[in-house]
Every structure is written in C-alpha cells, then in structure tokens.
Amino acid sequence: MKIVCVCTGNTCRSPMAAALLQRLLPAAEISSAGLYAEEGAPASRHALLAMDEMGLDISQHRARRFRPEMADGALLLAMTRSHARALRAMCPEARVERFLGDEDVPDPFGQGMEAYERTAEILAEGAQALARRLRR
C-alpha cells in the first residue's frame, strides 16, 4: 500500500499525518508532500514538538513539492477540500480522498503550540479511523 499525505507547504499537517499513519500501518509506504512546498524546508518547530509529545520523531522530515508521478499507484490523502480539488485537477486518474472524510484538517501554520496540538489530536483520531478502514 502506497499513501501520500498532501497539504500546502509540507511542514505541518501532511508530515504529522504521515508519521501518525506510518505508526499504525508499518508495512505501508507512507510519505507526504505539499502543493506549494519549499523544497527541503524542515518541519515546523511546533509540528516537531506536537509529534514528540505523541512519541514520534519527524526531525528528519524535509518538505517536497507534490509532483503528478507521486500519484502512481498511491492513495492521495488531501488535508482539505481545496487540496483534493487541486490533486484531482493535476492527476485525474488518481485515487484522491480527504484525510478526514468530509472535514478539513485545520491549518495550524503561523499559530501557537495549542493550535498544533489540537491539529495533531485531530490527525491522530483521523489516522485511527483511516487505518481501520484501510486494513479491511
């Protein structure tokens, strides 16, 4: 199973989502990317701390921009409705779903630690539900 979590800048939501899913689905190939990522940027400091609180280390993460070839054989998990729309436009044949189904994952970028912790909790719950569904 190949999964790519996709957000805007690939420094907050998608790397956190990928780390949480990887813990639940260790045999899967899970990565992340951003539609407007600055190549090589590290995960945000607050994202690092929020994941550390959950026992996950994303300190080696480096942002990468989404490229259409990443969709080959993968499930693309968009953080928002607009991300899903953009992915479907770029890759009409791809399997695109939203990470939280009908809900958008809130963007903590530029906010304080509480926003990152809240987003991490939302992603953790979503990852649990996704992993259960994908194991079936």
Side-chain angles (χ1 to χ4, degrees):
M1 180 182 339
K2 181 178 167 188
I3 298 170
V4 183
C5 298
V6 182
C7 68
T8 305
N10 194 218
T11 60
C12 305
R13 292 173 289 182
S14 59
M16 291 194 295
L20 289 159
L21 268 181
Q22 191 69 71
R23 176 163 60 189
L24 296 168
L25 300 169
E29 178 186 330
I30 302 174
S31 62
S32 65
L35 294 171
Y36 303 100
E38 179 185 323
E39 290 282 339
S44 75
R45 185 172 66 85
H46 290 322
L48 288 168
L49 293 170
M51 289 293 91
D52 188 57
E53 289 175 4
M54 293 187 165
L56 292 166
D57 179 5
I58 61 169
S59 62
Q60 299 306 307
H61 171 77
R62 294 298 174 263
R64 62 189 189 139
R65 188 172 295 230
F66 179 81
R67 296 180 317 279
E69 58 268 20
M70 292 177 182
D72 292 343
L75 166 60
L76 303 180
L77 291 175
M79 297 297 119
T80 67
R81 175 179 284 121
S82 63
H83 294 141
R85 195 174 319 124
L87 289 168
R88 288 182 184 112
M90 290 172 75
C91 309
E93 303 300 316
R95 182 176 166 204
V96 178
E97 296 180 17
R98 286 165 61 194
F99 194 86
L100 296 178
D102 293 336
E103 299 293 318
D104 285 351
V105 177
D107 189 356
F109 184 76
Q111 299 179 55
M113 190 61 200
E114 283 183 26
Y116 281 82
E117 290 170 333
R118 193 166 44 254
T119 297
E121 289 169 11
I122 290 167
L123 286 167
E125 289 177 22
Q128 291 278 352
L130 260 170
R132 276 193 301 274
R133 186 171 59 77
L134 292 172
R135 283 188 198 114
R136 289 186 200 134

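Being a predicted model, the structure only gives us computed values, none of them experimental.
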side-chain contact (heavy atoms from CB on, under 4.5 Å) involving Ile122 - partner list, sequence neighbours excluded
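Here the qualifying residues are Leu100, Pro106, Arg118.
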With sequence neighbours left out, the residues meeting side-chain contact (heavy atoms from CB on, under 4.5 Å) with Arg62 are Pro42
Of all heavy-atom pairs between [X] and [Y], which one has the smallest distance, and what is that distance?
X: Ala127; Y: Phe99; value: N-CE2, 3.7 Å
X: Ala33; Y: Met70; value: CB-SD, 3.9 Å
X: Met54; Y: Ala124; value: CE-CB, 4.1 Å
X: Pro68; Y: Cys91; value: CA-SG, 3.7 Å
X: Ala43; Y: Ile58; value: CB-CD1, 3.8 Å
X: Tyr116; Y: Cys12; value: OH-SG, 3.3 Å

Hey, what do you get for [atom1] ([X]) to [atom2] ([Y]), rounding to the nearest 0.5 Å?
X: Leu77; Y: Leu21; atom1: CG; atom2: CG; result: 6.5 Å
X: Leu25; Y: Leu20; atom1: CG; atom2: CG; result: 11.0 Å
X: Phe66; Y: Ser14; atom1: CZ; atom2: OG; result: 11.5 Å
X: Lys2; Y: Leu76; atom1: NZ; atom2: CG; result: 9.0 Å
X: Thr11; Y: Met16; atom1: OG1; atom2: CE; result: 9.0 Å
X: Ile3; Y: Glu97; atom1: CD1; atom2: CD; result: 9.0 Å

Does [X] belong to the same Ile/Leu/Val/Met/Phe/Trp/Tyr cluster as [Y], with side-chain heavy atoms less than 4.5 Å apart forming each link?
X: Met51; Y: Leu130; answer: yes
X: Val105; Y: Leu87; answer: no
X: Ile30; Y: Met1; answer: yes
X: Leu56; Y: Leu48; answer: yes

Please list all pairs passing the side chain to side chain donor-acceptor pair (under 3.5 Å) test where one or both residues lie in residues 35-51, with sequence neighbours left out.
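Every pair satisfying side chain to side chain donor-acceptor pair (under 3.5 Å) with a residue in residues 35-51: there are none.
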Determine, stepwise, if the pair Arg64 / Ser31 fulfils side chain to side chain donor-acceptor pair (under 3.5 Å).
CA-CA 10 Å; Arg64 62 189 189 139; Ser31 62; 2.8 Å; yes
May I have the step-by-step check of side-chain contact (heavy atoms from CB on, under 4.5 Å) for Thr8 and Phe109, ending in yes or no?
CA-CA 10 Å; Thr8 305; Phe109 184 76; over 6 Å; no
Glu103, CD: over 12 other non-hydrogen atoms inside 6.0 angstrom
no
Looking only at the side chains, is there a donor atom on one of Thr80 and Arg13 sitting less than 3.5 Å from an acceptor on the other?
no
With a 4.5 Å heavy-atom cut-off, do Leu24 and Arg132 have their side chains touching?
no
Would you check if the side chain of His61 reaches a backbone N or O of Asn10 as a donor-acceptor pair within less than 3.5 Å?
yes
Between Arg98 and Ala78 (side chain of the first, backbone of the second, donor and acceptor by atom type, cut-off under 3.5 Å), is there such a pair?
no
Kindly determine whether Met79 and Leu123 satisfy side-chain contact (heavy atoms from CB on, under 4.5 Å), including the steps that lead there.
CA-CA 10 Å; Met79 297 297 119; Leu123 286 167; 4.1 Å; yes
Given side-chain contact (heavy atoms from CB on, under 4.5 Å), test Val96 with Arg85 step by step and report yes or no.
CA-CA 9 Å; Val96 178; Arg85 195 174 319 124; over 6 Å; no
Check Glu93 with Arg88, please: is the shortest side-chain N to carboxylate O separation under 4.0 Å?
no
Is any side-chain N of the basic residue among Asp104 and Arg81 closer than 4.0 Å to the acidic one's carboxylate O?
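A salt bridge is absent here (no side-chain N lies under 4.0 Å from a carboxylate O).
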